[in-house]
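Following: one structure in structure tokens, then a few remarks.
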Amino acid sequence: MKITRIQRAAVTVVAAVALPLALTSCSSDDGKDTKSESSSAAGDTAAPEETADDAADAPFGPACASVPKTGPGSFDGMGQAPVATAASNNPELSTLVAAVKKAGLVDTLNTAENITVFAPTNDAFAKIPKADLDAVLADKAMLTKILTYHVVGEKLAKKQLESGTYDTLQKTTLTTAGSGDEYKVNDAASVVCGDVPTANATVHIIDTVLMPK
């Protein structure tokens, strides 16, 4: 009888000790699972971050704000067309497009691969005295020389504009320099809207017509 009481007491003590340990273990497992599930859910719903490369490839410059948001003249629209066609959809480049047509360079530009065009705006052409501009537009050889000087035979992204010397289709070189969102070409023309995409070229819109060296 005495032994039985001692055995019963021992069983009771063991149970009293084991029960809290079991509950603690279950609570710890549940917390671990909940935390894991919460982390997993957070990971599934997190928004993708823009990479540095994405930002670097985006059009930049004060004149980019005037580009239409939709349609053939928008960045998306221009990105679907070869460069001469894309430029014709931008009303700020109408003088350039007319000059390209006079020089017979539409097919040359549209069929070239991986080029960069430094595209003067209408205001850039307006800086040239009218008599001089009319004379250039009437001289196909001179016009071709000037226009091909604005074309580089490789795609130049923003980073490459910081400091470089590049061969043009006119067979001489131009230089670029700058940082941030401010870049110059030949220390004369400013890039007012850069990294504009087209199907076969990168366009950097500039505020001054470049003259061959």
Is any side-chain heavy atom of [Y] closer than 4.5 Å to one of [X]?
X	Y	value
Asp187	Thr175	no
Leu174	Val152	yes
Val185	Leu210	yes
Glu113	Asn200	no
Pro59	Pro197	yes

Return yes when atom [atom1] of [X] has more than 12 non-hydrogen atoms of other residues, nucleotides or ligands closer than 6.0 Å, and no otherwise.
X	atom1	result
Glu154	CD	yes
Met142	CE	no
Lys155	NZ	yes

Quick one: does [X]'s side chain have a donor or acceptor within less than 3.5 Å of a partner on [Y]'s backbone?
X	Y	value
Asn186	Pro212	no
Thr168	Val151	no
Gln80	Gly77	no
Asp207	Asp123	no
Asn90	Glu92	yes

What about [X] and [Y], same hydrophobic cluster or not, with Ile/Leu/Val/Met/Phe/Trp/Tyr joined at side-chain heavy-atom distances under 4.5 Å?
X	Y	result
Leu96	Val192	yes
Val203	Val209	yes
Ile115	Leu93	yes
Ile146	Leu109	yes
Ile128	Leu147	yes

Problem - Test log, rule side-chain contact (heavy atoms from CB on, under 4.5 Å), inputs Tyr183 and Glu162 - result: CA-CA 7 Å; Tyr183 297 89; Glu162 291 182 357; 3.9 Å; yes
Spacing of [X] atom [atom1] and [Y] atom [atom2] [to the nearest 0.5 Å]:
X	Y	atom1	atom2	answer
Phe75	Lys69	CZ	NZ	7.5 Å
Leu137	Thr95	CG	OG1	8.5 Å
Lys145	Met211	NZ	CE	11.0 Å
Asp76	Thr70	CG	OG1	9.5 Å

Practice task
Name all residues meeting the salt bridge (Lys or Arg N to Asp or Glu O under 4.0 Å) criterion together with Asp181; count only those two or more places apart in sequence or in a different chain, and write none if there are none.
Solution key: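 Expected list: Lys158.
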Practice task
Not counting sequence neighbours, which residues clear side-chain hydrogen bond (donor to acceptor under 3.5 Å, both in side chains) with Lys130? List them please.
Solution key: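 Per chain and number, Lys130 pairs via side-chain hydrogen bond (donor to acceptor under 3.5 Å, both in side chains) with Asp134.
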Residues [X] and [Y]: side-chain donor-acceptor under 3.5 angstrom:
X	Y	answer
Ser190	Lys184	yes
Thr208	Lys127	yes
Thr173	Asp167	no
Thr85	Asn110	yes

Could you report the tightest heavy-atom contact between [X] and [Y], atom names first, then the distance?
X	Y	answer
Pro82	Ala199	N-CB, 3.8 Å
Ala201	Val83	CB-CB, 3.8 Å
Ala58	Asp195	O-CB, 3.8 Å
Pro68	Gly73	CD-O, 3.6 Å
Thr148	Leu105	CG2-CD1, 4.2 Å

Handout entry: Trace of the side-chain contact (heavy atoms from CB on, under 4.5 Å) decision for Ile206 with Thr121
Key = CA-CA 6 Å; Ile206 57 177; Thr121 62; over 6 Å; no
Exercise for the section: Before giving the answer on side chain to side chain donor-acceptor pair (under 3.5 Å), spell out for Asn122 and Ser94 the whole-Å C-alpha distance, their side-chain angles and the decisive distance to 0.1 Å. Expected result: CA-CA 7 Å; Asn122 295 342; Ser94 60; 3.1 Å; yes
Problem - Qualifying ring pair (Phe, Tyr, Trp, His ring centres under 6.0 Å) pairs with a residue from residues 108-139, counting only residues at least two apart or across chains - result: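 Every ring pair (Phe, Tyr, Trp, His ring centres under 6.0 Å) pair that includes a residue of residues 108-139, provided the two are not neighbours, is Phe118-His204.
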